[in-house]
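What you see is a predicted model; the values in this text were computed from it and never measured.
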Amino acid sequence: MSTDLRGEKQLRRRRRIWSYTAMAALAAFFLFPLVFMFVSSLKPDGQILSDVSSVRAFLPVGDISLDNYTGVFDRVPVARFMFNSVLVTVLVVGLGLIVNSMAGFALSRLKWRGRGLVLALVIATLIVPFETIAVPMVYWVSKLPTLVWEDGLLKYDFGWLNSYHVQIVPFIANAFSIFLFTQYFSTIPKSLDEAARIDGAGWFTIYRRIIVPLAGPAFATVAILTFLPAWNQYLWPLMVVQQEELRPVMVGMQYFFQLNTAWGEVMAYTSLITLPVLVVFLSFQRAFVSSVAASGVKG
């Protein structure tokens with residue numbers, strides 16, 4: 001009997017070893033582009049091109065230095081671009097979590113006529129590519145009223161072009177985020193709402209004190225899924241922002257391809273703008289997986 005148990009334990013151990021080995025190999029495969037990017041950011045252009053056909057492309061060997069990073073700061077206003085992207089991304093994510101979670105709460109917890117139709121229309125907007133509505137959006141934002149500060153006076157004007165809010169407001173409400181919140185909130189027992197209503201709580205109190213604390217994984221997932229497109233915006237800022245001091249980091253990529261391409265500086269710049277994405281994802285990965293398992297599968 002003991003021999004059989006020992007054999008089963010050994011079999012499980014071998015299976016676990018093979019499983020971890022396979023996962024490690026798969027992770028290494030997907031990490032190769034990142035490793036190549038970070039390592040190449042430390043090499044001069046000539047060495048990058050000569051090492052690209054060998055395993056040396058993934059190893060920090062040869063003429064290693066931080067010259068490419070100093071060159072990046074000399075060529076483009078990296079600090080300004082980073083500030084713009086952080087500002088736009090934080091506001092899009094923060095305001096989006098509030099607006100989309102409230103919409104999801106109304107669609108999943110409240111009873112009102114036409115709720116199913118509204119949810120269907122929200123989901124239907126997911127099939128419309130952004131590129132098809134980008135040009136009409138540029139026209140409309142150029143006609144919207146705004147307040148501008150000129151000569152110490154607050155004046156009324158038209159046009160949102162060349163501003164921060166033109167990069168923020170159109171992306172606060174998000175159909176997929178509303179759908180994900182709706183699905184996740186539907187998994188929370190509605191008996192909690194009934195108990196809170198009996199105690200005299202209003203719907204906003206139920207949302208703020210009951211639903212939000214129980215929906216941490218959903219908020220983390222939406223934060224990640226909103227952060228990525230907000231940080232990676234390129235087409236929209238390129239169309240609506242012409243002033244350099246208002247441009248985000250992705251638009252700054254075009255500065256490196258205007259004349260002779262400096263591949264080392266390109267790798268250094270992409271390394272700088274990739275680090276925030278990695279930090280955010282690694283910080284919220286557990287909640288992300290938990291939310292997908294809870295809302296995506298059940299939904």
Side-chain angles (χ1 to χ4, degrees), residues 27-94 161-168 171 223-285:
F29 176 78
F30 285 107
L31 284 174
F32 277 158
L34 291 177
V35 173
F36 174 77
M37 178 181 67
F38 287 121
V39 170
S40 298
S41 68
L42 303 173
K43 300 178 180 180
D45 290 355
Q47 187 174 344
I48 294 175
L49 298 176
S50 62
D51 291 349
V52 74
S53 60
S54 66
V55 72
R56 290 171 57 90
F58 303 98
L59 300 176
V61 294
D63 187 9
I64 302 299
S65 69
L66 297 177
D67 292 344
N68 290 325
Y69 288 91
T70 57
V72 165
F73 282 90
D74 292 337
R75 179 174 293 205
V76 299
V78 180
R80 186 66 189 184
F81 290 167
M82 292 286 284
F83 171 79
N84 294 338
S85 287
V86 169
L87 176 65
V88 170
T89 302
V90 168
L91 290 176
V92 168
V93 173
L161 302 180
N162 290 315
S163 64
Y164 284 119
H165 49 273
V166 75
Q167 305 177 64
I168 298 170
F171 304 99
I224 291 176
L225 297 179
T226 307
F227 173 86
L228 290 175
W231 184 264
N232 293 329
Q233 280 194 77
Y234 177 79
L235 177 62
W236 181 249
L238 194 64
M239 298 173 67
V240 299
V241 177
Q242 284 76 44
Q243 297 179 9
E244 184 179 80
E245 61 269 19
L246 297 175
R247 288 177 170 174
V249 291
M250 289 302 167
V251 178
M253 283 293 297
Q254 65 180 340
Y255 286 68
F256 297 92
F257 297 96
Q258 292 176 351
L259 297 175
N260 295 327
T261 303
W263 291 110
E265 293 183 3
V266 170
M267 296 300 176
Y269 186 75
T270 52
S271 298
L272 289 173
I273 66 179
T274 301
L275 284 176
V277 179
L278 294 178
V279 171
V280 169
F281 180 77
L282 292 176
S283 301
F284 293 99
Q285 61 173 334

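Separation of atoms CG (Leu31) and CZ (Phe38) is listed at 10.0 Å; rounding is to 0.5 Å. Between atom OG of residue Ser54 and atom CZ of residue Arg56 there is a gap of 6.0 Å, rounded to the nearest 0.5 Å. Rounding to the nearest 0.5 Å gives a distance of 8.5 Å between CG of Asn162 and CD of Glu245. For the atom pair CG of Leu59 and CG of Asp51, the computed distance is 9.0 Å after rounding to the nearest 0.5 Å.
Listed here is the closest heavy atom pair of Thr70 and Asp67: OG1-O, 2.7 Å. When every heavy atom of Asp63 is checked against every heavy atom of Gln47, the shortest pair comes out as N-OE1, 2.9 Å. Between Ile64 and Val61, the closest heavy-atom pair is CD1-O, 3.6 Å. Of all heavy-atom pairs between Ala268 and Tyr69, the closest is O-CE2, 3.7 Å. Nearest approach of Glu244 to Tyr255, heavy atoms of both residues: OE2-OH, 2.7 Å. The minimum heavy-atom distance between Gln167 and Val92, with the atom names listed, is O-CG2, 4.1 Å.
Here the side chain of Asn68 pairs a donor or acceptor atom with the backbone of Lys43 at under 3.5 angstrom. The main-chain N or O of Val249 is never found under 3.5 Å from a side-chain atom of Trp231 such that the two would form a donor-acceptor pair. Panel note: side chain Ser85, backbone Met82; no donor-acceptor pair is recorded below 3.5 Å. In terms of modelled atom types and a separation under 3.5 Å, the side chain of Gln233 and the main chain of Pro229 share no donor-acceptor contact. Not a single donor-acceptor pair under 3.5 Å links the side chain of Glu265 to the backbone N or O of Arg75.
Test Thr89, Val90, Asn84 against Val86 for side chain to side chain contact (heavy atoms under 4.5 Å, CB included) and you get one pass: Val90.
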Could you walk me through whether Thr274 and Leu34 pass side-chain contact (heavy atoms from CB on, under 4.5 Å), step by step?
CA-CA 9 Å; Thr274 301; Leu34 291 177; 4.1 Å; yes
Should Phe171 and Thr226 be marked as a side-chain contact (heavy atoms from CB on, under 4.5 Å) after you check the CA-CA gap, both sets of side-chain angles, and the distance that decides it?
CA-CA 9 Å; Phe171 304 99; Thr226 307; over 6 Å; no
Determine whether Thr270 and Met253 satisfy the following criterion, side-chain contact (heavy atoms from CB on, under 4.5 Å), listing intermediate values before the conclusion.
CA-CA 8 Å; Thr270 52; Met253 283 293 297; 3.8 Å; yes
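In this structure, Tyr164 and Phe83 have perpendicular ring planes: the angle between them is above 60°, well past the 30° mark.
Side-chain contact between Leu42 and Leu66 is present, with at least one heavy-atom pair separated by less than 4.5 Å.
For Trp263, the CH2 atom counts as loosely surrounded, since its 6.0 Å shell holds 12 or fewer non-hydrogen atoms of other residues, nucleotides or ligands.
A distance of 6.0 Å or more separates the ring centres of Tyr269 and Phe81.
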